[in-house]
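A note on names: the letters A, B, ... follow the listed sequences, proteins ahead of strands, and every chain is numbered from 1.
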Amino acid sequence: MTLNTSRRGFLKSAAAAAAVLYVGARPDGALAAGSAPAQLNPFVRIDADGTVTAIVKHFEKGQGPATGLTTLIAEELGVSMEDIQYEFAPSDPSRYANLAFGQFQGTGGSTAMANSFMQYRQAGAAAREMLIKAAAEAWGADVSTLSIEDGIIKGAGQQAPIADFVGAAAQMEAPAEPRLKDPSEFRLIGNAKVKRKDSLPKTNGTAKYAMDLHLPNQMVAVIARSPRMGGLAAGFDDTDAKEVKGYIRAAVLPNKAGVAVYAENTWAAFQAREAVTVDWDLSNAENRSSDQIREQLLNAVNSDPEYNVNGADPAATAALIDGAEKVVEQTFYFPLLAHAPMEPLTCTIEANEDGGITLHDGAQIPTGPHMALAEIFQLPMEKIRINTMLAGGSFGRRATPTADYQVEAALAFVLTDRSRPVKLVWSREDDITGGYYRPAVAHKVRVGLDAGGNITGWDHRIAAQSIIKGTFFEPMLVHNGVDHTSVEGVPDGLYQIQGQFVGLSDVAKATNVLWWRSVGHTHTAYVMETMMDEAARAAGRDPVEFRLALLEGGGKDQERLAGVLKLAADKGNWGSAPEGRSQGIAVHKSFGSYVAEVVEISGNADDGVQVEKVTCAVDCGLAVNPDVVKAQMEGGIGYGIGHVMRNEITLTDGVVDQFNFPDYEPLRIGDINAIEVHIVPSAEAPSGVGEPGTPPSAPALANAIAVSGPRVTELPMINSGISFA
Amino acid sequence: MALSLKLNGQTHEVEAEPGTPLLWVIRDELKLTGTKFGCGVAACGACTVHLDGEPVRSCQTYIEDAEGAEITTIEGLNSKAAQAVQAAWVELDVVQCGYCQSGQIMSAVGLLSENPKPTVEEIDDYMNGNACRCATYQRIRSAILRASDMMEA
Ligand code: FES
Ligand code: FES
């Protein structure tokens, strides 16, 4: 028995070298297969021993794409979730471009599932058809009599594991249009019992994040950065650092943006950095305070806007509002926010024997650092390898258009003799003070209502620090001067509002700004949904009924938005809050998904508000992994509510005032007592789930507070006199 | 200075300066990376380990104060409470990015070891120092209750 088993094992591994089946797509999108990945962009690999591996092109930062893409392959191929594994695709934009980003490989904008839904299913289905065809030929059977279930090909009185036909299938052409399962045949897609693929390693300490990498002989580098954006290092004194055991040396970065401090280990690097005194040239550095930035933003929304966003005539809108029966008006201010992913930023660079470079990184947009490193090291793209590791959260931070921390690591590496790998580590203080914030934004809205409580005019002015201008995304996302991410959710909102004018002004950035979970929707949803409540109140109508009336008679988009609004209201017992509690509701579409949330609170603004319960309804098309969708809604809600309660980044004379979690206090376990998520059954194509849970959460909370407390228009809420229990 | 550390049932001889946080000895010297660095100032709990069975923040525990104690990291957990907690975590798919979860689990095991039947308020109170930026708190709470039931069974 033992002999047989090991002999079989030997034969299998001998065959393994020869026969591997890859199925994926050619650069033009056509399905392709082969025994090597060279000419295609593989989505699945089946080894000669029958091991099935999904090749995941999106990186995993907790939002579950590894589980989702694996589910798609397993479903169409006919294997169980236990029998499929996954690995991350190498960085190669020509092969793994995210369809939503053009020639860019990346994860963001909640696109992972939308982008891959058809691609990965087709790859799985093609592999199934090829394996069945190989079996049918061997057995002299008709393909229509065979099927694959749990990795076994069955039919015509025969059965065999898929392993037996990998070699034969690898010789075939991929079918041009494999038959996809009808949704009624799904066993894994949409199954709430399908488990995450990464729970176990993340529960027993074995999961390896970029921060966990220890390459032999590596150095740790930390950077002393300018306290104010734009400051340059003119020199440094490291006399005291030499007393720190494990300190190696320090050097001014080639771009003068900081001083790299090298040490044998992380703690020595942190200590040595404390002991290095840097001479900063601050002559061109930012010196504004956030109060001044706030003033500039508020002035801008009170002046004529720089850009007309929706082409409406502001004078006509003004006339409609001036002639209205009632006018509601509010001005809003949103502060800078840090992303603060749990794992501080880090990556490691080493030299390869072939003269190339390897970057080990939890890269969110690998193409960005890939191109940046090719430039810095003056190497062709194929000489730069990227080892994609797990990332401990991102919320947008690991996806800077400038590849900021990877460039820092590369510059720190360039200053060495390249014999030792360099691991760049950010501390939490580096993270909180390091820029790339959600921009500060102001809105001013005036709404006119007629005697019947109908909206007659809506004047909406936004002033923001543009995220996109000056980056390579500008040609895609800035049109006629309007950065779409500054306004998304307003001109393209789904309410059928009469006489709406939308204007935008840009205000110069005092720090680098960046997309932050749900990007522009972080503030536009807050403004739209709190103003809806204000308008409903002025009209003397119920907030849900008021919103539904503005959606009625629209298209499918409006119907889907109304659908989640009604579902959330129903499940959240809208209108029948228990004694001592208040409810607020909000609904918003972002990233193709429709989400409504009812927030129920107890207490009050003076003695402390407690979020008792959040009831969420989501329509994200077909929910591939319903439990992952629920988890993303829970997380998105927590992220939104935590920040709106108490987080802000402020500057004094250009210097960030906050340092670490004690003054950028994260959401804690007791802040929300319960979250309940309901998914609308749908056969529509899947849309995003990583971000859409966030936008409605903050306005729903604000609306609950406003029932018997103040209308909060200045964030975070603690700055508006709201205390929390 | 030379120290000997009792960690996960084994004795390790290490070289470290006084005042070095236990966290960095565990991660950088002993290369046990399940214990995470999140803030360095005892404000997030990602670095939680057990010292003689009690959860402590290893980023604020000096190495000289850990000498002589039994140190347990996520890699060395094996108590009944630990098994129940880890099983409940997998059953309820608590994790998202997962970076905070070693610390969450170390704290949850600490809680259930001293209080096998905690109320929701007691859970929220005990777990208050463990931040999760992915906001998996709902599931953490449910998993602790589930683990408590499992321990009883
Ligand atoms: S790293 Fe120790 S509590 Fe945050
Ligand atoms: S799971 Fe990401 S920080 Fe907790």
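For A/Glu264 and A/Arg420, the salt-bridge test passes: some basic side-chain N is under 4.0 Å from an acidic carboxylate O. Note on B/Asp93 versus B/Arg139: no salt bridge recorded, every NZ/NE/NH1/NH2 to OD/OE distance being 4.0 Å or above. A salt bridge is defined here as a Lys NZ or Arg NE, NH1 or NH2 lying under 4.0 Å from an Asp or Glu carboxylate O, and A/Arg646 with A/Asp671 meets this definition. With respect to A/Arg428 and A/Glu343, no salt bridge is recorded, no charged nitrogen being found less than 4.0 Å from a carboxylate O.
Per-residue heavy-atom pair counts under 4.5 Å with chain B were compared for A/Lys208, A/Lys195, A/Lys245, and the maximum is reached by A/Lys195. Ranked by heavy-atom pairs under 4.5 Å with chain B, the first of A/Gln271, A/Met342, A/Met211 is A/Met342. By number of non-hydrogen pairs under 4.5 angstrom with chain B, the leading residue of A/Gly670, A/Ala631, A/Gly638 is A/Ala631. By number of non-hydrogen pairs under 4.5 angstrom with chain B, the leading residue of A/Pro662, A/Ala268, A/Pro344, A/Pro666 is A/Pro344. Per-residue heavy-atom pair counts under 4.5 Å with chain B were compared for A/Leu667, A/Asp212, A/Val220, A/Asp431, and the maximum is reached by A/Asp212. Contacts with chain B were tallied for A/Ile432, A/Ile641, A/Ile675, A/Ile669; A/Ile669 has the most, counting heavy-atom pairs under 4.5 Å.
With no hydrogens or angles considered, no side-chain donor-acceptor pair links B/Thr35 and B/Arg27 at under 3.5 Å. Looking at B/Gln96 and A/Gln632, their side chains do bring a donor and an acceptor atom within 3.5 Å of each other. Judged by distance alone, the side chains of B/Ser102 and B/Lys36 never bring a donor and an acceptor atom under 3.5 Å apart.
Contacts between B/Gln86 and chain A at a heavy-atom distance below 4.5 Å involve backbone atoms as well as side-chain atoms. Neither the backbone nor the side chain of B/Thr136 comes within less than 4.5 Å of any heavy atom in chain A. Only the backbone of B/Asn130 comes within contact range of chain A, with heavy atoms under 4.5 Å apart. For chain A, no part of B/Glu121 is nearby; none of its heavy atoms comes within less than 4.5 Å.
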